[in-house]
There are 2 protein chains.
Amino acid sequence: MPTSTPPPNARERQKRERRLALIEAAQRLVGERGLDDVTVEEISSAAGLSTRTFFNYFDSKDDAVLGIQEIDLDAEVRARFVSGGPSGRMMTDLEALVAGFLRNAAPNIEQGERAMRLMMSEPRLVQRHIAWHQRVVGELEALLSERREARPSPVDDDTIGMVAGLLMRSSALAWARSGYEGDAAAHLPEAVAQLRLLLDD
Amino acid sequence: MPTSTPPPNARERQKRERRLALIEAAQRLVGERGLDDVTVEEISSAAGLSTRTFFNYFDSKDDAVLGIQEIDLDAEVRARFVSGGPSGRMMTDLEALVAGFLRNAAPNIEQGERAMRLMMSEPRLVQRHIAWHQRVVGELEALLSERREARPSPVDDDTIGMVAGLLMRSSALAWARSGYEGDAAAHLPEAVAQLRLLLDD
DNA sequence: ACTGCAACTTGCACTGACTGCAAGAATAGT
DNA sequence: ACTATTCTTGCAGTCAGTGCAAGTTGCAGT
């Protein structure tokens with residue numbers, strides 16, 4: 001889960017810093033007192049910003065706690081997938097794509113890990129996290145449309161999208177189970193293996 | 001998606017009728033004007049109840065629109081699963097269980113279909129629907145714990161739960177694609193087939 | 001360095017989903 | 001009919017979230 005390249009100007013830099021500060025404040029306060037006992041006003045204050053500004057950065061309180069950010073996929077990974085690659089087999093290529101998405105799921109590993117820990121005790125956060133996966137799946141479906149030109153698949157897009165969502169969640173859970181070793185993408189093979197094991201049972 | 005047996009006394013009967021009335025009002029109004037343009041007050045009014053009472057029946061506005069109800073699984077289906085059946089193979093038995101859940105996903109087929117239709121244009125409803133699936137998965141995990149005594153599986157509970165969720169959603173989408181023929185449970189085999197097809201690709 | 005402009009912050013007022021409380025109404029049981 | 005229990009409702013309130021406009025800050029060009 002590497003961070004993106006530092007932005008070029010002061011505005012962008014400030015934007016990024018403020019974002020991180022809001023996430024940090026949100027995760028800390030929620031970790032101390034629980035999701036429902038922390039207000040947006042408190043989070044904003046702790047980050048030195050106004051409540052109104054908070055909502056310039058995040059759609060909702062839960063998003064800040066999760067550190068949810070814009071979907072950003074490496075252009076090379078993207079290009080390869082839409083051209084029918086890397087292997088030409090849908091399941092294998094889907095794994096590569098999911099790994100690409102997982103690598104950019106949170107601003108940094110620490111905040112990603114903290115979000116995972118908070119999800120263990122806050123069902124609403126899980127739901128919000130899954131909602132984010134759904135947005136990724138929406139992006140994926142656009143890619144699938146493009147890919148169909150190069151390499152049609154007999155599987156419907158909904159199923160592919162849902163399996164992608166499942167793999168993302170499963171990888172994150174495997175990461176948690178490992179004690180947060182490496183990053184979530186590193187645990188994707190494990191998630192795939194479990195899925196195959198179940199289908200064979 | 002059959003309805004449950006009519007309840008025995010006036011109180012229960014009224015409760016059920018009010019619930020149906022709230023769902024009907026919610027679905028109609030949201031269908032006409034969109035989710036964000038309809039208030040809880042309007043829904044409650046249309047059903048002849050107060051806003052305060054609305055929340056005695058549903059946790060949220062979205063739940064009413066979706067017609068979400070308590071998870072209710074047939075006792076026989078439940079008993080068979082926890083004792084290691086019906087076939088002894090996890091994937092096959094999971095399918096039977098998912099079919100059981102699907103059969104009781106909405107108060108009646110009409111309201112289930114209307115919920116599906118509304119989800120097509122309201123992403124927030126999709127998310128709420130998936131959240132309900134998560135609750136079902138929570139119930140499933142309790143069953144898996146019990147079943148482990150009778151028949152352990154090498155697959156972790158999270159993966160099993162997620163595949164159950166995927167199958168529920170996939171069946172519902174296949175039902176929609178068929179023009180709402182039969183019920184969602186009837187489309188489960190199709191969902192399973194698509195999943196297998198992807199894993200083989 | 002100065003200037004104009006675009007982007008961003010903030011305070012403010014407000015909406016609507018949702019909640020706790022208590023009084024009154026409706027059902028259930030004897 | 002009487003009593004106990006359950007449910008409805010009105011009310012007051014919280015807080016997440018939103019639109020608006022005035023003020024501030026960065027940026028680019030001269």
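Look at CZ on A:Arg33: it is 14 Å from C1' on D:dC15, rounded to the nearest Å. Going from atom CZ of B:Arg11 over to atom C1' of D:dC7 covers 6 Å, rounded to whole Å. When rounded to the nearest whole Å, the span between NZ of B:Lys15 and C1' of D:dT5 equals 14 Å.
The shortest heavy-atom contact between B:Leu140 and B:Gly161 is CD2-CA, 3.8 Å. In this structure, B:Met90 and B:Leu144 approach most closely via the heavy-atom pair CE-CD2, 3.6 Å.
Taking CG from A:Leu199 and CZ from A:Arg196, the interatomic distance works out to 8.5 Å, rounded to the nearest 0.5 Å. Between the CD atom in B:Glu76 and the CZ atom in B:Phe81 there is a gap of 16.0 Å [rounded to 0.5 Å].
Side chains of A:Arg169 and A:Val126 form a contact here, defined as non-hydrogen atoms less than 4.5 Å apart.
Interface limits on DNA chain C: the 5'-most and 3'-most nucleotides within less than 4.0 Å of chain A heavy atoms are C:dA6 to C:dC12.
Each end of the helix from C:dA1-D:dT30 to C:dT30-D:dA1 gets its own axis, taken as the rotation carrying the C1' atoms of four end pairs onto the next four within a five-pair window, and the two axes meet at 30° to the nearest 10 degrees.
If you run side chain to side chain contact (heavy atoms under 4.5 Å, CB included) between A:Tyr180 and each of A:Glu110, A:Arg117, A:Arg114, only A:Arg117 comes through. For the side chain to side chain contact (heavy atoms under 4.5 Å, CB included) with B:Val98, the qualifying choice from B:Val192, B:Leu167, B:Val136, B:Leu166 is B:Leu167, the only one to do so.
Checked by atom type and distance alone, the side chain of B:Asp93 pairs as donor or acceptor with a backbone atom of B:Gly88 at under 3.5 Å. In this structure, the side chain of A:Lys61 engages the main chain of A:Val38 through a donor-acceptor pair within 3.5 Å.
Here A:Gln14 reaches the OP1 or OP2 of D:dG26: one of its side-chain N or O atoms lies under 4.0 Å away.
Listed in residue order, the members of residues 114-136 of chain A having a heavy atom less than 4.0 Å from DNA chain C come to none. Annotation: proximity of residues 38-68 of chain A to DNA chain C (heavy atom, distance under 4.0 Å) is found for A:Leu49, A:Ser50, A:Arg52, A:Thr53, A:Asn56, A:Tyr57, numbered in ascending order.
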Applying salt bridge (charged side-chain N to carboxylate O under 4.0 Å, His left out) to B:Arg16 and B:Glu12, what does each step give before you reach the verdict? CA-CA 6 Å; B:Arg16 186 162 166 277; B:Glu12 295 292 322; over 6 Å; no
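For residues 130-146 of chain A, every residue pair satisfying the side chain to side chain donor-acceptor pair (under 3.5 Å) rule, not counting sequence neighbours, is listed here: A:Arg78-A:Glu139.
Looking at B:Asn104 and B:Gln69, their side chains do bring a donor and an acceptor atom within 3.5 Å of each other.
Legend: residues meeting salt bridge (charged side-chain N to carboxylate O under 4.0 Å, His left out) with B:Arg18, ordered by chain and number and at least two apart, are absent.
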